[in-house]
A.B. asks: 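My questions all concern the structure below.
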Amino acid sequence: MSIARFEPHSHSHFSNLRLLDCINQPKQLIDKAIELGYSGIAITDHECLSAAMEVNQYAKQIKEKHPDFKIALGNEIYLTNDRSSGQKYYHFILIAKDELGFKALKEMSTKAWMNLYVDRKMERVPILKSEMKEIMERYKGHVVATSACMGGELSTLCLKYATEKDIDNRKLITHQIIQFIEYCLDIYGHDFYIECAPSSEKDQIIVNRMLKKVANYYDIPMVVGTDSHYLTEKERPIHTAYLNSKDGEREVDSFYKFAHLMDEEECTKLLNLSFEDLEFTQQVLKNNNLIQDKIQEYDLAKKQIIPKISVPLYPIRTNFDIKKYPVLTGLLCSENSQERYWVNECLKGLKEHKLEYPTYLERLETEARIIKLIGDNLEDCLFAYFNTFKHFIDMFWNCGSIVGPGRGSATGFISNFLLGITQLDPIRWKLHYWRFLNEARVDELPDIDIDLAPSKRPAIFEAIRKERGPLGIAQVATFGTESTKAAILTACRGYRSADYPEGIDVDEGQYMTSLIPQERGFLWEIHDVVNGNEEKERKPVYAFVREVNKYPGLLDIIMYISGLINKRSVHASGVVLYDNDPYQTASFMKSPGGDIITCFSLHDAELAGDVKYDFLQKFQIK
């Protein structure tokens, strides 16, 4: 009987943010799962939620063609008792059942990343058992958990028990197994599953059989996870080369030999090596769908939420020329304190700058109308955006930073000048307002760039966090990829053959990269280098093709890994401000330099509802 099963444990290239680990791109992984007959899949990267938005939106795209295929959002966390050095960092799988469950994942992931430390030259991001229990008290029934792979605590204890000869030590291990199971059941109850893996490896077979005994004793459903780090067995040599490119040779055969998606036949055949009972094996496969049945559909994309600051309450005014300035009059009479604050501060600025002329009031009326129109279309108070910006401009000055006079189209708004956001009078300098905002662009928020003194940026961030909380501001994350040249060098380092047991010499790799053309500062993509591109009038670079073909299989590695995400970094200027509940839209990580960053890239963060502000660092030119 054919069983279309759900996959509870798989990885994408976002698992590479701390250590090269995976060659799956998210959409590619999902497409392959559909092709192999899966009924659904959970993306569970190594302590990382950065793929979630891309995956969640892709689920909507494929819904019409594959209505029954379900995509879940998860996380493979590291679960420990403390944050001591030298310990084993046990794996544990979490899968959100619904949007509230994903919020729990965001909070737990943030807790782990905010306590990042280095142990044995690697960044470590475990969450403590006590922390997970405390957070999950607020999200009971919204998250599924599994015991994870051979790197999990339960599998580790089972292997220890099976290979331990001393009776007293076995009793101690048995007690540890009981403690772990009871801990998981206390938090997750019927949403906890014991995970085995399909394999012909001796240790995995031993563990699978022990896990079966534990599952039967506690009446906990057993599920199977393939822990996919590459798509199928065909891609295994590429994955091996990718891992070999970093930190020398790694034991890829024992750790990753079966870490790929499997159709039902392959999975069943390997599981039967452990259980020798086809009926039980089929039950395990069916149990995977118990998880799928609990997964609800939800959309992470939200309308952007403009951060608000408390503003002084100006009284409602009615003594204004409503015929000439109907929008300004409406704002002065508004019940919305943000609108009243904006218009009163602007009028106050006109008076202070001695610009109370009809020309300026007419320009202010036009800008107010445009801001109101865009805000209404976005279903938010856009005046609050400028009030918030004004508030932080004042804070920057108070922190001792020089603030740039303004750059770009934002200088075209007289209201920005009157609020102190910019320092140029656009009417005097004949700057057009419509380059900044206009009635034809009502679907987008403004974008204002502000120059700050680099030396004062830490003090500014500290002041904002003092006001808005530890997660009140975060820098926007960026993700580095294997560019064409980087992919060539990475593939050369990881390449192995009888003639090149230690990889291809770096000088040869550098020579190959020198053959890659570039246009306007951008390198050609590897596909164009090899195959050409008629649309862009590019011909294949035959010198490169001849050189790379001297090494059988090297080109396959280069083309496959090109574009893979392999690192995290910080946006040059983009920051996001958060109100009382940052987990409503975001989860947080730390950059290699220790900065708090969003887990999403700029596009995904804005899609989740975040609003970017640009705080640029202005260096003095000597």
A.B. asks: Distance check, rounded to the nearest 0.5 Å: Phe413 atom CZ versus His432 atom NE2?
C.D. replies: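 Phe413 CZ to His432 NE2: 14.0 Å, rounded to 0.5 Å.
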A.B. asks: With a 3.5 Å cut-off and no angle check, do the side chains of Gln57 and Asp299 form a donor-acceptor pair?
C.D. replies: yes
A.B. asks: Would you compute the distance between atom OH of Tyr78 and atom CZ of Arg124 and round it to the nearest 0.5 angstrom?
C.D. replies: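 Atom-to-atom, Tyr78:OH and Arg124:CZ are 8.5 Å apart.
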A.B. asks: Between CG of Leu100 and NE2 of His142, what distance do you get to the nearest 0.5 Å?
C.D. replies: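 Separation between the atoms: 4.5 Å.
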A.B. asks: Checking Glu519 against Trp524 for the side-chain hydrogen bond (donor to acceptor under 3.5 Å, both in side chains) test, could you report, in this order, the C-alpha distance in whole Å, the side-chain angles of both residues, the deciding distance, and whether it holds?
C.D. replies: CA-CA 7 Å; Glu519 293 177 10; Trp524 286 18; 3.2 Å; yes
A.B. asks: If we count only N and O atoms by modelled type, under 3.5 Å, do the side chains of Glu345 and Tyr314 hold a donor and an acceptor together?
C.D. replies: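 Checked: Glu345/Tyr314 side chains pair up, N/O donor to acceptor below 3.5 Å.
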A.B. asks: Could you grab the distance from atom OG of Ser50 to atom CD1 of Ile43, nearest 0.5 Å is fine?
C.D. replies: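 Result: 13.0 Å between the selected atoms.
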A.B. asks: Just by distance, no angles: are the side chains of Asp610 and Tyr578 close enough, under 3.5 Å, to form a donor-acceptor pair?
C.D. replies: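 Asp610 vs Tyr578: donor-acceptor pair found between side chains.
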A.B. asks: Are side-chain N/O atoms of Asn336 and Ser334 paired as donor and acceptor at under 3.5 Å?
C.D. replies: no
A.B. asks: Any chance NZ of Lys129 has more than 12 other-residue heavy atoms, nucleotides or ligands included, within less than 6.0 Å?
C.D. replies: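 Count over threshold, so yes.
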A.B. asks: Would the Tyr613 and Phe392 ring centres measure less than 6.0 Å apart?
C.D. replies: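 For Tyr613 and Phe392, the ring centres are not under 6.0 Å apart.
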A.B. asks: Any Lys/Arg nitrogen of Asp595 or Arg457 sitting under 4.0 Å from an Asp/Glu carboxylate oxygen of the other?
C.D. replies: no
A.B. asks: May I ask you to decide whether Glu462 forms a salt bridge with Arg465, counting only side-chain N to carboxylate O separations under 4.0 Å?
C.D. replies: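 Judged by the 4.0 Å cut-off on N to carboxylate O distance, Glu462 and Arg465 do not form a salt bridge.
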A.B. asks: Taking atom types as modelled and ignoring hydrogens, do the side chains of Asn416 and Thr422 form a donor-acceptor contact shorter than 3.5 angstrom?
C.D. replies: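 Result is no, nothing qualifies.
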A.B. asks: Mind checking the OH-OG spacing from Tyr433 to Ser409? Nearest 0.5 Å is all I need.
C.D. replies: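 Tyr433 OH to Ser409 OG: 13.5 Å, rounded to 0.5 Å.
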A.B. asks: Answer yes if the side chains of Thr44 and Glu76 hold a donor-acceptor pair under 3.5 Å, and no otherwise.
C.D. replies: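 No, no side-chain donor-acceptor pair sits under 3.5 Å.
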A.B. asks: Establish, from distance only, whether the side-chain atoms of Glu47 and Tyr89 form a donor-acceptor pair under 3.5 Å.
C.D. replies: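 No - no donor-acceptor pair under 3.5 Å links their side chains.
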A.B. asks: Check Arg369 with Glu439, please: is the shortest side-chain N to carboxylate O separation under 4.0 Å?
C.D. replies: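 Result for this pair is yes, salt bridge flagged.
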A.B. asks: Could you check whether any side-chain N or O of Asn438 sits under 3.5 Å from a backbone N or O of Ala440, counting only pairs where one atom can act as donor and the other as acceptor?
C.D. replies: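 A pair under 3.5 Å: yes.
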A.B. asks: Run the numbers on Thr490 and Ser245 for side-chain hydrogen bond (donor to acceptor under 3.5 Å, both in side chains), then give the verdict.
C.D. replies: CA-CA 6 Å; Thr490 298; Ser245 71; 5.1 Å; no
A.B. asks: Would you tell me whether His13 and Gln25 have side-chain atoms, one donor and one acceptor, within less than 3.5 Å of each other?
C.D. replies: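 There is no such pair between these side chains.
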A.B. asks: Would you please indicate yes or no on a ring centroid separation below 6.0 angstrom for His46 and Phe14?
C.D. replies: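 Phe14 vs His46: aromatic centres not under 6.0 Å.
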A.B. asks: For Asn24 and Ser12, which I'm curious about, is there any donor-acceptor pair between the side chains at under 3.5 Å?
C.D. replies: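 No, because no side-chain N or O of Asn24 sits under 3.5 Å from a partner of the opposite role on Ser12.
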A.B. asks: Any side-chain donor paired with an acceptor under 3.5 Å for Asn377 and Asp443?
C.D. replies: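 Yes, because at least one side-chain N or O of Asn377 sits under 3.5 Å from a partner of the opposite role on Asp443.
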A.B. asks: Would Asp21 and Lys246 satisfy salt bridge (charged side-chain N to carboxylate O under 4.0 Å, His left out), going step by step from the backbone distance to the final call?
C.D. replies: CA-CA 10 Å; Asp21 182 71; Lys246 190 76 171 178; over 6 Å; no
A.B. asks: Rounded to the nearest 0.5 Å, what separates atom CZ in Arg493 from atom CD1 in Ile488?
C.D. replies: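 Here the interatomic distance stands at 12.0 Å.
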A.B. asks: So, Asn56 and Tyr298: side-chain donor and acceptor under 3.5 Å apart, yes or no?
C.D. replies: no
A.B. asks: Under a 3.5 Å distance rule, please check whether Thr80 uses its side chain to pair with a backbone N or O of Leu128 as donor and acceptor.
C.D. replies: no
A.B. asks: Could you pull out the closest heavy-atom pair between Ala368 and Leu328, with the gap in Å?
C.D. replies: CB-CD2, 3.9 Å
A.B. asks: Is the number of heavy atoms from other residues, nucleotides or ligands within 6.0 Å of NZ (Lys133) greater than 12?
C.D. replies: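 No, the 6.0 Å shell around NZ holds no more than 12 heavy atoms from other groups.
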A.B. asks: Does a donor on one side chain sit under 3.5 Å from an acceptor on the other, for Glu467 and His391?
C.D. replies: yes
A.B. asks: Within a radius of less than 6.0 Å around NZ of Lys324, do more than 12 heavy atoms belonging to other residues, nucleotides or ligands occur?
C.D. replies: no
